[in-house]
Amino acid sequence: MGAIGLGESLLSKGRRLLVISPHPDDETFGCGGLMARAVDAGCEVAVMVISAPEALPQFGADEAVVGGDRRRSEFEAAMAVLGVRDHEVLFTSDEVHMRLDAMPQAELVGLIERRAGYAFEAFRPDIVCMPAPSYNQDHVAVFRAVIAACRPHLPADKAFASLVMEYDQPQLGWGAEPFHPNLHVDIGATLERKLAAYGCYRSQIRQEPHHASLANVERLARLRGSEVSLAAAEAFRVRRLVL
């Protein structure tokens with residue numbers, strides 16, 4: 001029997017991958033290729049979006065405000081492209097969006113751990129992906145909450161993810177929080193699906209040379225791939241790996 005690569009052992013049938021995203025589109029930018037690979041491998045994949053408000057002001061876009069229905073429909077379309085059937089949005093209030101840092105951390109941790117539809121206790125993920133901290137206050141709040149929810153404990157006491165990692169984010173381009181990845185995932189076979197899924201977020205895509213442009217999503221994947229001699233890759237920073 002030939003050797004089984006680490007990627008194949010982690011992304012095998014029956015494994016559960018939970019991706020936690022501050023807002024719709026972050027999950028696809030950061031790990032759309034990984035999700036597509038996981039779906040193809042027979043993993044159970046779920047996405048938890050924390051906030052998608054009813055009215056979102058736009059900067060440099062054609063529309064002054066994008067409604068929540070459109071944001072959520074774009075999210076659902078992106079998930080359909082990736083083949084992810086299990087997903088949820090926790091908050092749709094304008095009062096919460098871009099104010100997650102003002103929410104008591106215990107409340108956000110409790111949702112992620114126990115109360116959300118795809119909370120750890122309900123979904124029991126083997127792999128958890130969260131946003132790397134950046135200059136976006138919602139991203140920082142979500143990162144801190146997920147880190148707290150993933151804190152070490154006895155697996156017999158509560159759901160325990162053996163792999164916890166942060167995914168790449170467009171806001172990292174400012175350099176406010178250095179991102180030094182220590183895991184690269186080959187997405188050469190799923191890059192086109194990642195790009196098609198990101199393309200569903202028409203209200204969020206910006207023109208070149210903006211970091212949220214569709215061209216930059218591909219450019220970053222190619223760059224991350226070149227770091228490890230692959231055609232395309234997604235980069236992650238591992239916080240915990242138990243084999």
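Values below: all heavy atoms of this structure, side chains included; hydrogens, waters and symmetry mates excluded.
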Seminar exercise, completed: One should read off an interatomic distance between D126 CG and L10 CG, to the nearest 0.5 angstrom, of 9.5 Å
Exercise. Rounded to the nearest 0.5 Å, how far apart are CD of E234 and CZ of R224?
Worked result: 10.5 Å
If we only count heavy atoms from C-beta on, is the [X] to [Y] side-chain gap below 4.5 Å?
| X | Y | value |
| --- | --- | --- |
| R239 | I147 | yes |
| P133 | F143 | yes |
| M79 | F75 | yes |

Exercise. How are the rings of H23 and H139 set to each other: parallel, tilted or perpendicular (split at 30° and 60°)?
Worked result: tilted
So for atom [atom1], which belongs to [X], do other residues, nucleotides or ligands contribute more than 12 heavy atoms lying within a distance under 6.0 Å?
| X | atom1 | result |
| --- | --- | --- |
| R202 | CZ | no |
| Q207 | CD | no |
| R72 | CZ | yes |

Exercise. Salt bridge check: are E44 and R16 linked by an N-O gap of less than 4.0 Å?
Worked result: yes
Would you say [Y] ends up clustered with [X] if hydrophobic residues are merged whenever their side chains have heavy atoms under 4.5 Å apart, either directly or through other cluster members?
| X | Y | result |
| --- | --- | --- |
| V238 | L11 | yes |
| M130 | V45 | no |
| L230 | L191 | no |

Problem set entry | Stepwise salt bridge (charged side-chain N to carboxylate O under 4.0 Å, His left out) check, K158 with E113 | CA-CA 9 Å; K158 56 185 290 190; E113 280 187 322; 2.4 Å; yes
Exercise. What pairs with F160 under ring pair (Phe, Tyr, Trp, His ring centres under 6.0 Å), at least two apart in sequence or on another chain?
Worked result: H153
For this session: Indicate whether any N or O donor in one side chain lies under 3.5 Å from an N or O acceptor in the other, for S134 and Q169.
Result: no
Exercise. Can you find a side-chain donor-acceptor pair between D25 and Y198 that sits under 3.5 Å?
Worked result: no
Exercise. Stepwise, does the salt bridge (charged side-chain N to carboxylate O under 4.0 Å, His left out) test hold for D40 with R193?
Worked result: CA-CA 12 Å; D40 290 349; R193 281 161 64 191; 2.8 Å; yes
Exercise. Would you say K194's side chain and F29's backbone share a donor-acceptor pair under 3.5 angstrom?
Worked result: yes
